[in-house]
Each structure stands twice: as C-alpha cells, then as structure tokens.
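Because the structure is predicted, anything quoted here is derived from the model rather than measured. Indexing begins at 1, ligand by ligand and atom by atom, following the structure's order.
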Amino acid sequence: MTLSVKGKEKANGAADTYELPWVEKYRPHVLDDIVGNTETIERLKVIARDGNCPHIIISGMPGIGKTTSIHCLAHQLLGDAYKEGVLELNASDERGIDVVRNKIKTFAQKKVTLPPGRHKIIILDEADSMTAGAQQALRRTMEIFSNTTRFCLACNMSNKIIEPIQSRCAILRYAKLRDAEILKRLLEICEAEKVQYNDDGLTALIFTSEGDMRQAINNLQSTWSGFGFVSGDNVFKVCDQPHPITVQAIIRACTKGDINDAMDKLSELWAQGYSAVDIVVTIFRVVKTSDELPEYTKLEFIKEIGFTHMRILEGVGTLIQLGGLMARLCKMNMKPELLRI
Ligand SMILES: Nc1ncnc2c1ncn2[C@@H]1O[C@H](COP(=O)(O)OP(=O)(O)OP(=O)(O)O)[C@@H](O)[C@H]1O
Ligand SMILES: [Mg+2]
C-alpha cells in the first residue's frame, strides 16, 4: 500500500525541520487506507461505490478513525463537489437550536450540482456534545430533506444521541484497534519517515496506546524527535508511564509471596514520582496482558487491583494503599501454613 503524504519529506535526523504532526500528515484520504474494523469499513466502501448513503452514526473510542472515515466517505461520494456539497459542524462550532434551524436548514435547501445519484452531506462530528434540544430540532429536518441531504454523525458515546435520531440512522460501531493493526500502520509510517526503531520500541508504543491509533502515532513522533531512536525505554520516558518491566518484577514478587521485594520495587517507582493512578493502571495492564500468570490468579489479581483503583479515584492515592494491594496479592500466593498465627 502506498501512503498519500502531504507536507514535505523529511530526509533523516530528528527535529531539525518544521513538520506537520504525523497524525495529520498520515491521515488516510481514502477508505482503503484506514486500518482495522474491516467489516464496517467494507460497508462504507460499498456505500461509497453505490452512492446509496443512509444517515449514519459512527461511534467508538477516541483516535480510531471515525472522523477520518466520514471524510473519506464524503470525498469518495462527492469527488470535486465536496467543497459545495458538504457542511461540517464539529464541537468547536456553535450547534444550538438556532444553528439547526438556520445553518443546517439553509444548507439542506441550497441547490448544488452533484454527481448523479449523490446527496449533499452534513457531517456532525462529536455529535454527543450537541444538546438534547438541538438534537430534537434535527428530527424533522432529517426527514424533510432526506431526498437531497444525508447526515453523518460521529460520536464517542452513542447513548448520548437521543433515541429518535438513532432510529433514523444506521449505527456503525468501531472497536478499538488491534495490536497487529496499529503495528501495521506504525511500520508504514516508520518506513516513510525513515525512523530507526527496535521491536521493543514498537511493542512499547502499542502497549501505551491501548488501541488508540492517534496516541500511538503521536508517541512515535515524540519519541523519534526527542531521542532519535524508538526503543522501549525511550517510549516510556516520553509517555511518562512506569516501565512495565519494573511492574512485571513487582507482580512476579507478589506471585512468590515476597512482600519485601514487591514493596522495594514499588517504593522505587514511587520515588520516581509516578502517581498512584499511573502505577495502578500500569499494574492492571501488565496483569491483563501477562502470559505468565495462570487464569485464576489473573482474575483474583484484577479484582484486587480494581478495588485499589477505586479507592485511589476516591482520593486515597497514597503509598499505603498501593502497599495494601501488594500485601493482598502476596497473601493470595502464600503457603497456608505461613498465614497461621
Ligand atoms: N483506523 C485508522 N487507520 C489509519 N489511521 C488512523 C486510524 N484511526 C486513526 N488514525 C490516525 O489517527 C488520527 C485521528 O483519527 P480520527 O480523527 O479519525 O479519530 P476519531 O476516531 O475521530 O477520534 P475522536 O473521537 O477523538 O474524534 C488520524 O489523523 C490518523 O492519522
Ligand atoms: Mg473525531
């Protein structure tokens, strides 16, 4: 696959020239370039080809390609008429009832020359931030102008879109991107930008991004321009997260019931200035992805980590709470005779 690249090519070296953020530079321009969520994207491709676009809502986590997909779809449907035939309103625009009454209605009534069989498109990005009143005002508008205009909505939480609008639209749900999908895109960008990396670095990028492509690309760029080499250590320095290797060592100490070792390593992390939330979230991710722990232990660990997370979010983010977690995890793995008083 070839990447369509806007902006200037960078020869080599780190932050020596001004450049676009890579998330924008490598924003896909056609549906074919979007990775992940294959089935849903296939549906969009069929719509782009046949032109029979229903009203659609795309919902999902941040940074997984919702806005990008809608723009690609609109570009592929309308071609050169994109400028005339698309009205985009996002959360940075005023979108109260007045706008729905005036701007959207005026656009829907406007006469535009489009390719045969195509409709004007109104893109409402981040639609979950529209007030319920404004959404109510859309209901009838969507119906009255549906012979000339189609609505494409993107949102993080589809339950923030009122039911009547949901019932008028085809809802497409995007899942978090899989590790392999993020890796594929990162490799393409590394090649295009001539980034030097090692496997550890890519694994760290995937680990820290948690299925969010925007985050992965941003971290890649920050690490490359900050250190000139993408290695695991550098990525964790940029992301400012506790290093999973240290956290793995803590978990290993807990599975051996070695509280002293676990506490030592924990205090080390604490002394580096990480907050309790950072530490507990990393412990969770490490346990979740660990293939060393037996299933049962994993479940019990995650339960305890969850309780600690809750306490920390309630405001008790102290070393004592994390120490308590260590104690409980160790206790699960101690021989029963050691527990006798
Ligand atoms: N599936 C994907 N394939 C390729 N690149 C992607 C994908 N998802 C995200 N990206 C990259 O991340 C950037 C942001 O994507 P996009 O704006 O579509 O996210 P979003 O889903 O709309 O997020 P938000 O909910 O925060 O608005 C894009 O510019 C692109 O570089
Ligand atoms: Mg978006």
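- Among protein heavy atoms, the minimum distance from atom 23 (O) of ligand 1 is reached at Gly63 N, 2.9 Å.
- Side chain to side chain, Ser69 and Tyr174 meet the donor-acceptor criterion of an N or O pair below 3.5 Å.
- Ion pairing between a basic and an acidic side chain is recognised when a charged N comes within 4.0 Å of a carboxylate O; Lys184 and Glu181 show no such pairing.
- Between the side chains of Arg150 and His55, no donor-acceptor pair is found at a separation under 3.5 Å.
- Thr68 OG1, 3.5 Å is the protein heavy atom nearest to atom 15 (O) of ligand 1.
- Side-chain atoms of Gln221 and Tyr26 form no donor-acceptor pair, as typed in the model, at a separation below 3.5 Å.
- Of all the atoms in ligand 1, the ones that sit under 4.0 Å from a non-hydrogen atom of Tyr26 are 31 (O).
- Within ligand 1, the atoms closer than 4.0 Å to a non-hydrogen atom of Asn156 are 25 (O), numbered from 1 in the order shown.
- Within the set Pro21, Pro28, Gly211, the minimum heavy-atom distance to atom 5 (N) of ligand 1 is found for Pro28.
- Under the 3.5 Å distance criterion, with hydrogens and angles disregarded, no donor-acceptor pair is assigned to the side chains of Asn198 and Ser231.
- No hydrogens or angles considered: a donor-acceptor pair under 3.5 Å links the side chains of Thr308 and Arg328.
- Atoms of ligand 1 lying under 4.0 Å from any heavy atom of Pro62, numbered from 1 in the order shown and given with element: 23 (O), 24 (P), 25 (O), 26 (O).
- Protein heavy atom at the shortest distance from atom 25 (O) of ligand 1 is Lys66 NZ, 2.7 Å.
- In terms of N/O distances under 3.5 Å, ligand 1 is not approached by Asp125.
- A side-chain donor from one of Ser158 and Arg173 sits under 3.5 Å from a side-chain acceptor of the other.
- Summary of contacts: the protein heavy atom closest to atom 11 (C) of ligand 1 is Met213 CG, 3.8 Å.
- Close approach of ligand 1 to Arg185 is summarised as follows: ligand atoms under 4.0 Å from at least one heavy atom of the residue are 4 (C), 5 (N).
- With atom 2 (C) of ligand 1 as the reference point, the heavy atom nearest to it among Asn90, Ile70, Val35, Val23 is part of Val35.
- With atom 24 (P) of ligand 1 as the reference point, the heavy atom nearest to it among Glu126, Glu181, Arg214 is part of Arg214.
- For atom 17 (O) of ligand 1, the closest non-hydrogen atom on the protein side is Arg27 NH1, 3.0 Å.
- Not one N, O or S atom of Thr68 sits under 2.8 Å from the Mg ion (ligand 2).
- In this pair, Tyr82 and His71 present their aromatic rings tilted. The plane angle is within the 30 to 60° band.
- Inspection of the Gln248 and His243 side chains reveals no N or O donor paired with an N or O acceptor under 3.5 Å.
- Among Asp33, Asn218, Thr67, the residue whose heavy atom lies closest to atom 27 (O) of ligand 1 is Thr67.
- With hydrogens and angles disregarded, no donor-acceptor distance shorter than 3.5 Å links the side chain of Asp278 to the backbone of Tyr274.
- On a distance-only criterion, Ile34 and ligand 1 share no N/O pair closer than 3.5 Å.
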